[in-house]
Amino acid sequence: MWYFYSTNLSMTMGNISSILEQSSFSHSDLEQLLQYEGDEKLLLFRKGGDVKEMFVGNKVYFRGLIEFSNVCDKDCYYCGIRRSNLSVRRYNLTDSEILDAARFADENKFGSVVLQSGENSSQTFADRIGNLITQIKQLSNGRLGITLSVGEQTELVYRRWFEAGAHRYLLRIETTNPLLYRKIHPNDRLHNFSNRLDCLHSLKAIGYQTGTGVMIGLPFQTVSDLANDLLFFQQFGIDMVGMGPYIEHSETPLYAFRHELLPIQERFDLSLKMIAVLRILMKDINIAAATALQAIDPLGREKGIKVGANIIMPNITPGLYRNDYSLYENKPCVDEEPAQCKGCLDARIALANGEIGYGEWGDSIHFVNSKKKG
Ligand code: 5AD
Ligand code: FES
C-alpha cells in the first residue's frame with residue numbers, strides 16, 4: 001500500500017514539475033495547478049516566490065489606501081457598503097482630510113496613494129476627483145503616484161483624470177464569467193458585465209496602468225472559472241492584479257448562500273494558489289496581496305508576498321472612518337492609526353524576506369516594457 005502511495009506521489013510531483021517548466025499554460029494546466037494540495041501545493045508556492053524574485057525582485061511597494069467615502073450608488077450582492085444596506089453609517093471625508101492623508105503618505109515615503117470610494121457618476125464627483133488629483137500632485141511636488149479606484153465612469157471622465165495626473169486605475173472585473181457576474185449583481189443598467197469590460201478597455205487605451213482582479217471562492221464559482229480569469233488577465237495584457245478571497249457579509253443578499261461556500265481556510269489557500277499561478281503566468285506584472293487575505297489569517301498578506309505578490313496597500317484612511325468601510329466582515333486593522341500601521345508593516349515585510357521600496361512608484365514592469373514595445 002505504502003509503495004503505491006509513494007509511487008503515485010512521485011508521479012504527481014513529476015507531473016507538477018513538468019507543468020511548471022512549461023512556457024505557456026492551457027486552461028487545463030491552470031485548473032490542475034489550482035487543485036494541487038500537500039507537497040505539490042508547496043512546490044507551486046515556492047515557484048511563485050522564485051519567479052517573483054527573478055523577474056520583479058524582492059521589493060514590496062506600498063500604496064497608501066485612502067477609502068474616502070463609503071457612499072455607493074450600486075447594489076452588488078456581495079458588498080457590505082451596497083446602497084440597500086441601511087445599517088451602514090455613510091461618510092465622506094473632506095478634501096482637507098484626504099489631502100492630510102496624502103501628505104502622510106508622502107512624508108512616510110509611501111511612493112503612491114490609492115483613492116478609493118463607493119461608486120458615483122455625478123459631475124460634482126468627477127470635478128472633485130480632478131481637483132484632488134491636482135492638489136495631491138502639488139503638495140508632493142509631483143512625487144506621489146496616484147491610483148484611482150472609483151469604479152465605472154465615462155471615457156471622458158477617465159481621460160480628464162488621466163490628464164490631471166492619475167496614472168493607474170483599479171477596476172476589478174470581479175469574475176470573467178458573465179453568467180456568474182449576473183448572479184452576484186442585480187440585473188440592470190448599473191451592473192452590466194460588458195460595460196465593465198468596456199471600461200477596462202478604455203482605461204488601457206487612455207494610457208493608465210490598468211489593474212483588475214476577481215473574488216475567489218464566490219458561491220457558484222468553479223475552478224474552471226478561476227482558470228478562465230487567469231487567462232483573461234493574460235489575454236488582456238493587464239498591468240496589475242488585486243484579487244482576494246470572497247468573505248461573506250451578513251447584511252448582503254449573497255449571505256443566503258453561505259452554506260455553499262468552500263470553508264474559509266480553503267478559500268484562503270485557493271487565493272494563495274491564484275497568486276502563485278498568476279505570477280508564473282505573468283512574470284512581470286504587479287500583484288497586490290489583498291487585505292481580505294489578512295481578514296482570514298493574521299499573516300495573510302505576508303503569505304501572499306511569499307508566493308508571488310509584490311504590492312501592499314496599507315490603509316491610511318483616518319482611523320475615525322475605517323470601521324465604516326466594511327466591504328466584508330472581520331476587516332483587519334480598523335482600529336489602528338496610519339502611523340501604527342506603518343511600524344507594523346515594516347516588521348511584517350521583513351518577516352516575509354521582503355524589502356520595502358520606500359519613495360518609489362514601483363510601476364508595473366509589464367507596463368513599462370509594453371510601452372517600450374508599443
Ligand atoms: N468579500 C471580498 N471582497 C469584496 N469586495 C467587495 N465585497 C467583498 C466581499 N464581501 C471587493 C470587490 C471590490 C473591492 C473593492 O472589494 O472585489 O472590487
Ligand atoms: Fe458599491 Fe458594488 S456595492 S460598487
Side-chain angles (χ1 to χ4, degrees), residues 63 65-88 90-92 114-121 125 147-153 169-176 180-193 195-197 199-200 203 210-219 221 226 229 233 238 240-258 261-262 264 267-268 270-271 274 288-297 300-301 304 313 315 317 322 324-332:
R63 318 280 185 233
L65 175 63
I66 310 172
E67 297 165 334
F68 66 91
S69 170
N70 66 355
V71 179
C72 191
D73 287 349
K74 286 201 169 174
D75 229 359
C76 309
Y77 291 156
Y78 44 84
C79 184
I81 62 165
R82 62 197 298 270
R83 188 185 59 213
S84 298
N85 185 1
L86 300 181
S87 59
V88 175
R90 303 286 166 175
Y91 72 88
N92 194 352
V114 182
L115 295 182
Q116 187 171 73
S117 72
E119 232 176 273
N120 182 331
S121 51
F125 184 80
T147 306
L148 299 177
S149 174
V150 292
E152 293 171 43
Q153 306 284 342
Y169 205 104
L170 303 175
L171 183 72
R172 285 190 178 179
I173 191 75
E174 314 297 358
T175 170
T176 58
L180 178 56
Y181 193 91
R182 176 71 76 83
K183 286 185 184 154
I184 63 173
H185 295 99
N187 180 15
D188 61 22
R189 193 184 48 82
L190 259 190
H191 304 80
N192 182 293
F193 179 77
N195 282 354
R196 203 159 180 90
L197 203 53
C199 285
L200 280 175
L203 290 164
T210 307
T212 193
V214 294
M215 283 177 285
I216 299 159
L218 285 162
Q221 190 180 42
L226 293 172
D229 293 340
F233 300 150
I238 205 75
M240 325 181 281
V241 172
M243 54 186 177
Y246 162 69
I247 300 173
E248 61 273 32
H249 189 296
S250 59
E251 277 155 0
T252 60
L254 272 198
Y255 197 65
F257 299 96
R258 64 192 175 282
L261 298 172
L262 284 176
I264 193 92
R267 264 177 274 162
F268 177 82
L270 193 53
S271 304
M274 282 287 282
T291 312
L293 287 170
Q294 201 188 335
I296 300 179
D297 178 329
R301 284 187 302 190
M313 294 165 51
N315 194 338
T317 312
R322 288 190 190 197
D324 299 318
Y325 204 87
S326 295
L327 307 177
Y328 44 85
E329 281 161 345
N330 232 345
K331 199 167 161 227

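Read the numbers this way: they start at 1 and go in the same order the structure lists the ligands and their atoms. Since we're looking at a predicted model, the values are computed, not measured.
Scanning all protein heavy atoms for the shortest distance to atom 7 (N) of ligand 1 gives Tyr78 CD1, 3.4 Å. Closest to atom 15 (C) of ligand 1 among all protein heavy atoms lies Leu327 CD1, 3.7 Å. Scanning the protein heavy atoms around atom 10 (N) of ligand 1, the nearest turns out to be Ile247 O, 2.8 Å. Atom 17 (O) of ligand 1 has as its closest protein heavy atom Glu174 OE1, 2.5 Å.
In His249, neither the side chain nor the backbone holds a heavy atom less than 4.0 Å from any atom of ligand 1. Residue contacts with ligand 1, taken as heavy atom pairs separated by less than 4.0 Å, involve Pro245 solely via the backbone atoms N, CA, C and O. Contacts with ligand 1 closer than 4.0 Å are made by side-chain heavy atoms of Met215 only, the backbone lying farther away.
For Ser69 (side chain) and Ser117 (main-chain N/O), no donor-acceptor pair under 3.5 Å exists by modelled atom type.
Atom 1 (Fe) of ligand 2 has Cys72 SG as protein N, O or S atoms under 2.8 Å away.
Minimum interatomic distance between Leu200 and Gly211 (heavy atoms only, all atoms of both residues): CD2-O, 4.0 Å. In plain terms, the two heavy atoms of Tyr181 and Ile173 that are nearest each other are CE1-O, 3.4 Å. Between Val71 and Tyr91, the shortest heavy-atom distance links the atoms CG2-O, 3.7 Å. Taking all atoms of both residues into account, the shortest heavy-atom contact from Ile216 to Leu270 is CG2-CG, 3.8 Å.
Both tests pass for Arg258 against the ring of Tyr255: distance under 6.0 Å to the centre and angle within 45° of the axis.
Leu293 places a side-chain heavy atom less than 4.5 Å from the side chain of Phe268. Inter-residue side-chain proximity for Tyr246 and Gln221 is flagged as unmet; no heavy-atom pair is nearer than 4.5 Å.
Ser87 and Glu251 share a donor-acceptor pair across their side chains, judged by distance under 3.5 Å alone.
Ligand 1 places these atoms under 4.0 Å from at least one heavy atom of Arg172: 11 (C), 12 (C), 17 (O), 18 (O).
Take Asp75 and apply the salt bridge (Lys or Arg N to Asp or Glu O under 4.0 Å) test, not counting sequence neighbours, and it matches Arg82, Arg83.
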